[in-house]
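What follows is a short report on a single structure.
So you know, we letter chains A, B, ... as the sequences are listed, proteins then strands, and number each from 1. What's counted below: heavy atoms across the whole structure, side chains too, no hydrogens, waters or symmetry copies.
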Protein chains: 2
Amino acid sequence: MLKLTKKADYGLMALKYLAEHPEMPALSAKDIADAYGIPAQLLAKILQQLTKSGLLRSHAGMNGGYALAREAREVSAFEVILAIDGPFFITSCTKGKTGCELTPSCTIREPLARVNDTIAGVLKSISIQDLAEHEHPPGHAREASALVELTL
Amino acid sequence: MLKLTKKADYGLMALKYLAEHPEMPALSAKDIADAYGIPAQLLAKILQQLTKSGLLRSHAGMNGGYALAREAREVSAFEVILAIDGPFFITSCTKGKTGCELTPSCTIREPLARVNDTIAGVLKSISIQDLAEHEHPPGHAREASALVELTL
DNA sequence: GAATACCCGACTTCTTCGGTCCGAGTTCAG
DNA sequence: CTGAACTCGGACCGAAGAAGTCGGGTATTC
């Protein structure tokens, strides 16, 4: 449970890849898919979603492809996941238009909503660039540490 | 995405309900199911899992039912979710026995594993009792705040 | 021994994720 | 201008997992 979809995974990988190759004006879906061994067609769809969400810029035609619309530093993992999987909520019914159909039940929700916010905060604090700079052989932990507060 | 299953929801609700009624020596699955309007049979199965995991104690026969095996304060939301949905991981492949099958790809995983730990930490910091004490009309936020650190 | 309640595995249904296919529009090179 | 290379975007499908149901078995109390 509590896992993000492969699409989101792929999306993050793709953005990371783009961040690692800033010299390229554009990379095609196939390039990225091949680099990671993921189905090209699927990646294509994901990249399309990211484009529609404004995280990527696409360029059709030969030597076309995708490029980051913003600096890698300015794109958070949260945005990516949001663009691909839509708004996420820990709980099944969290304030959907219908609220919780279960009787006066959902007293659970309120505390969990805080947890939800916390997670969102963590994901917002992580940028694509952070993912790309994975070159820290376990030992000297990088200090981009983020402090997150949770108030029940 | 990133949502927990209804089973986990139900489990948390049930434990919360038990925590709110410490005077009762035992509550049947049906009692709890009726209180929240959730399918009794399903809840029963969930409670059984929780019993097997040692979070609840069951007692058969008339006036039997379930009771918390530990103090509500001593049971974390993390344990409940773990007991019901099994170990969760943000990423699809996080260190499964096979590791990540994708080429040398999973560079994403390492940073996300940290996120995973952070979330786990947050959930561990929340007890069933915290859920039961939901009586804080928005205004005077309770200060059971937990500080969680995330180091990329 | 009957009523109540837990125990537990099998089964059905339903949703959604992961993945594929294909047609259409766009851009660039020759 | 024509065609190759590429993106765009919707339709489609199979598999997996979640949600919920059913039925038989066992323990406990009255």
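Spacing between atom CE of M13(A) and atom P of dG18(C) amounts to 11 Å, rounded to whole angstrom units. Here the C1' atom of nucleotide dG19(C) and the CD1 atom of I84(A) are 15 Å apart, to the nearest Å. Nucleotide dA19(D) holds its P atom 9 Å from the CG atom of D9(B), rounded to whole Å. For the pair K7(A) NZ and dG19(C) C1', the interatomic distance rounds to 9 Å; values are reported in whole Å. Taking atom CD of residue Q49(B) and atom C1' of nucleotide dG9(C), one finds them 13 Å apart after rounding to whole Å. One atom, NZ of K6(A), and another, P of dG17(D), lie 10 Å apart when rounded to the nearest Å. Look at CD1 on I38(B): it is 12 Å from P on dT21(D), rounded to the nearest Å. Here dT7(D) presents its P atom at 12 Å from CG of L56(A), a figure rounded to the nearest Å.
Judged as a ring pair (Phe, Tyr, Trp, His ring centres under 6.0 Å), and not counting sequence neighbours, the contacts of H21(B) are Y17(B).
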Can you give one letter per nucleotide of nucleotides 1-8 of chain C, going 5' to 3': B for a protein heavy atom under 4.0 Å from the base, S for sugar-phosphate only, - for none? ---BSSBB

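Between E79(B) and R70(B) a salt bridge is recorded (basic side-chain N to carboxylate O distance below 4.0 Å).
The CD atom of Q129(A) lies 9.5 Å from the CD atom of E74(A); values are rounded to the nearest 0.5 Å.
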For residues 59-69 of chain A, run the donor-acceptor check on the side chains, cut-off 3.5 Å, and write out each pair with its distance to 0.1 Å, sequence neighbours left out.
none

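For the pair V80(A) and L123(A), the minimum side-chain heavy-atom distance is 4.5 Å or more.
OP1 or OP2 of dG20(D) sits under 4.0 Å from a side-chain N or O of Y10(B).
Minimum heavy-atom separation, E20(A) to E23(A): O-OE1, 4.3 Å.
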